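Since the structure comes first, as structure tokens, the remarks are kept for the end.
The shown structure was predicted, so the numbers you read here are calculated from the model rather than taken from an experiment.
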Amino acid sequence: VFKKLQVTVIHDDGVLDPAKDKARVDLVRQRIVDAMGQYSLAPDQVAFRPTRFDRPPLVDWKEDFKKPSVYLPLLYALLLLLFCAQLYSRVLSMTGVTNAAKEFFISSGLGPFEVLAIMVAIWFVLGCLIDSISIILLTVPVFAPVAMALGFDPLAFAILGILAIETGLLPPPFGILAFTVKAAVPEANVGEIFRGAIPYWVALFAVIVVIAAFPKIATWLPDKMLKL
């Protein structure tokens with residue numbers, strides 16, 4: 001089955017070098033042969049090669065984050081994102097869009113769960129088109145006041161919204177999460193990934209329905225922690 005099996009063995013002093021540690025190499029080689037007896041390996045079919053492990057890591061978190069050039073761009077990006085989100089929310093509020101949306105849903109005659117179903121449907125559709133951060137920044141300033149006016153618990157609504165947005169990222173045509181899996185496993189077929197995601201989509205949708213019907217499920221643990 002194996003023409004040659006290459007093994008890198010690491011011990012307390014570093015990498016086991018076959019040129020310097022013949023006794024240890026012979027012992028490890030025999031143990032490998034014994035462990036893989038079903039493949040009928042001969043000792044001379046197990047080859048050792050020394051490997052260098054002294055290369056520095058790509059990211060040294062302890063040292064790199066002491067350098068402003070590493071953490072400042074990330075900090076600036078996060079602050080800019082938060083600033084733009086607050087600005088967008090304030091603009092919607094000042095222009096009356098938030099109040100108009102709230103009055104529209106309240107005066108439409110629809111019940112709270114029907115309005116929530118419309119929000120979830122919008123999140124599903126947007127999830128097929130854009131990423132989750134963009135969806136949150138676009139919809140939460142409008143949806144959150146409506147949900148509060150309809151009597152939904154803010155924490156339960158936030159959890160339900162995150163689940164709905166992530167559920168929307170699964171199905172085609174764009175399915176960002178599926179293509180993330182494709183990037184991690186290039187040999188996998190995209191259609192196979194989408195088919196494999198169906199049970200998870202159903203499970204997420206079921207959790208959304210349960211939280212909508214019983215919001216205390218989402219708030220029970222935080223309430224307990226706040227009382228400690």
For [X] and [Y], which heavy atoms make the closest approach, and how far apart are they?
| X | Y | answer |
| --- | --- | --- |
| Lys182 | Ala188 | NZ-O, 2.5 Å |
| Ala197 | Leu170 | CB-CD2, 4.0 Å |
| Pro145 | Lys102 | O-CD, 3.8 Å |
| Pro199 | Gly196 | CD-O, 3.3 Å |
| Ile211 | Ala156 | CG2-O, 4.1 Å |
| Ala218 | Pro222 | O-CD, 3.6 Å |

Using the rule that two of Ile, Leu, Val, Met, Phe, Trp, Tyr join whenever any of their side-chain heavy atoms come within less than 4.5 Å, decide whether [X] and [Y] are in one cluster.
| X | Y | value |
| --- | --- | --- |
| Val142 | Val91 | no |
| Ile198 | Phe179 | no |
| Val185 | Tyr200 | no |
| Leu155 | Val140 | yes |
| Leu163 | Val202 | yes |

Aromatic contact, Phe124 with Trp201 (centres under 6.0 Å):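 They qualify: ring centres under 6.0 Å apart.
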
Within this structure, what is the [atom1]-[atom2] distance for the pair [X] and [Y], rounded to the nearest 0.5 Å?
| X | Y | atom1 | atom2 | result |
| --- | --- | --- | --- | --- |
| Phe105 | Leu116 | CZ | CG | 10.5 Å |
| Thr139 | Met119 | OG1 | CE | 9.5 Å |
| Ile165 | Ile136 | CD1 | CD1 | 4.5 Å |
| Asp223 | Trp220 | CG | CH2 | 10.0 Å |
| Ile133 | Leu138 | CD1 | CG | 11.5 Å |
| Leu160 | Ile217 | CG | CD1 | 11.0 Å |

Student check: side-chain heavy atoms of [X] and [Y] closer than 4.5 Å:
| X | Y | result |
| --- | --- | --- |
| Pro215 | Phe152 | no |
| Leu110 | Ile118 | yes |
| Phe214 | Val210 | yes |

Aromatic ring pairing Phe157/Trp123, orientation class (parallel under 30°, perpendicular over 60°, tilted between):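 Judged by the thresholds at 30° and 60°, the geometry between Phe157 and Trp123 is tilted.
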
